[in-house]
2 protein chains.
Amino acid sequence: MTSKPASNSVKNRGSWKQNPDAVKADILRVARAEFADHGLSGARIQEIAEKTKTSKRMIFYYFKDKENLYREVLEQAYREVRQGEKALALDSLDPVEALTQLVAFTFTHHRANEDFIRLVMIENIHRGVHLSASETIRAGNSPAVEQLSAILERGTAQKLFKPDIAAQQLHWKISALCFFNVSNEPTFSRVFGNDLMTEAGQAALRQDVVDTIVGSVLA
Amino acid sequence: MTSKPASNSVKNRGSWKQNPDAVKADILRVARAEFADHGLSGARIQEIAEKTKTSKRMIFYYFKDKENLYREVLEQAYREVRQGEKALALDSLDPVEALTQLVAFTFTHHRANEDFIRLVMIENIHRGVHLSASETIRAGNSPAVEQLSAILERGTAQKLFKPDIAAQQLHWKISALCFFNVSNEPTFSRVFGNDLMTEAGQAALRQDVVDTIVGSVLA
DNA sequence: CACACAATGAACCGCATGGTTCATTGCGAC
DNA sequence: GTCGCAATGAACCATGCGGTTCATTGTGTG
């Protein structure tokens, strides 16, 4: 026997370090972009793996299967967006100004988080079944609605706002306008021209959305 | 030789009648439902074929490939919806009432055409590339915007409306509210409860949307 | 009828894709 | 050190899926 390894038929298997959390986070990061880009059935595990520092093997090791990976991506995205909404401090402003800020922020925030918007679009295409399967995503922990409620309460107390404005319904209207702006940009601009999607158009739109929403609650 | 056919190795190939237009229409009908249900990559040609009176073979014969079939489905859907919008007769109404009717109609119309909404969502997921490839879908032939323009002109002339309301931008707001109502129902109702999706909730929402839009243009 | 061409049926094909197997390596506990 | 389990790599697999081939049948035209 020589001092060399007995067998040279053993293929070279590179060495590696263990860092499960980083690997999982890396996979989630890449998967999120891919799912947002191509949808659940359109995304390719292969493609996700290649953009990762790890392998296809590990995706299934940590996330079981494609649907589960998608669900975890969705959950993470919801959590992050909620986190972002919490950052707003509106308590010190008078109700009208607070509402103005909230709407303007939502408009800008949605624009800046296109991936999240697209994930929500995709989930709606799937009729929300993966959201249902998720334990962590539930009502009540939506900072946006809570802040809105607080503003409405103060505004109504000061008789600046109409009485009996429903926070949930108002939130729905704000969401609709801000969400649609991002979600339907491609088809809308192709059918009607992209005037509203230029920088100037978006500024005008944001102002219009703010005015429309604020106008709808003023006494 | 007997009087029977010389060869019984020839497999039985059932007889058939020719009716290309009906076959094409049948394929489009089924394909539309399937694409609306599962998206472009999610839909299965196989599945479409099985729900058709014809075969997979004929789908490729008439429509070349999956993407082209999808594009034709999209075009047909746009044409039909525009046709539906034309039916509205608002010229005889005073501007405020005409706008009210237009918004209420749009709200109801979108609700009633979920397949179309879903196709548009899907096309937005694909960033509108198939709409771009389509010759037949272009701005200008949108009856909804033309009607809206006419109403605005009359309303402004009578000094009922603010001056300088942009028809396109107003149409955008109406679309946003009515589209979102259908498109985001699954995720919205799962996160915030489905109060707004009940019959009563939808009635309240429709009224709210009408009031919000009309309120935003009144002088 | 004969011919040309459109319409159709049945079987087939290549390959991309989600998922698995099996053996190997890292590393903390004792 | 060594034992045990978590983490990993490489190759593999079954099959679903978009698309095609080839031969056959319908039908209008002369």
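No hydrogens, no waters, no symmetry mates; every other heavy atom, side chains included, goes into these values. Order of the sequence lines sets the chain letters (A, B, ...), proteins ahead of strands, with each chain counted from 1. Remember, it's a predicted structure, so these values are computed and weren't measured experimentally.
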Take atom CZ of A:F60 and atom P of C:dT21, then tell me their distance rounded to the nearest Å. 13 Å

Examine C:dT8: is either OP1 or OP2 under 4.0 Å from a nitrogen or oxygen in the side chain of B:S55? Give yes or no. no

Pair B:N124-A:T187, side-chain donor/acceptor within less than 3.5 Å: yes

In whole Å, I'd like the distance from the OH atom of B:Y61 to the P atom of C:dG9. 12 Å

Quick one: A:I45 CD1 to C:dG18 C1', roughly how many Å, whole number? 7 Å

Which part of the nucleic acid, if any, lies within reach of B:A49 when heavy atoms closer than 4.0 Å are counted: base, sugar-phosphate only, or nothing? nothing

D:dG18, OP1 or OP2 - any side-chain N/O from B:R44 closer than 4.0 Å? yes

Rounded to whole Å, please give me the gap between CD in A:Q46 and P in C:dA16. 10 Å

Ignoring hydrogens and geometry beyond distance, is a side-chain donor-acceptor pair present between B:D208 and B:T212 at under 3.5 Å? yes

Verify whether one side chain among A:E123 and A:H130 offers a donor that lies under 3.5 Å from an acceptor in the other. yes

Ignoring backbone atoms, establish whether B:Y62 has a side-chain N or O less than 4.0 Å from OP1 or OP2 of C:dA6. no

Salt-bridge contact A:D115-A:R118 (side-chain N to carboxylate O under 4.0 Å): no

Estimated bend of the helix from C:dC1-D:dG30 to C:dC30-D:dG1 (axis per five terminal pairs, rounded to 10 degrees): 10°

The criterion is side chain to side chain contact (heavy atoms under 4.5 Å, CB included); which residues satisfy it with B:K86, sequence neighbours excluded? B:Q83, B:P143

Option among B:E114, B:E80, B:E72 that satisfies the salt bridge (Lys or Arg N to Asp or Glu O under 4.0 Å) test with B:R32: B:E80

Considering only heavy atoms and no angle criterion, is a donor-acceptor pair shorter than 3.5 Å present between the side chain of B:K66 and the base of D:dG19? no

In this structure, how many angstroms lie between the C1' atom of D:dG18 and the CD atom of B:E34, rounded? 15 Å

Between atom CD in B:E50 and atom P in D:dG18, what is the gap in whole Å? 12 Å

Rounded to whole Å, please give me the gap between CZ in A:F63 and C1' in D:dA7. 14 Å

Starting at atom CD of B:E47, determine the distance to atom C1' of D:dG16, rounded to an integer number of angstrom. 13 Å

Considering only NZ, NE, NH1 and NH2 on the basic side and carboxylate oxygens on the acidic side, decide whether A:E67 and A:R71 come within less than 4.0 Å. no

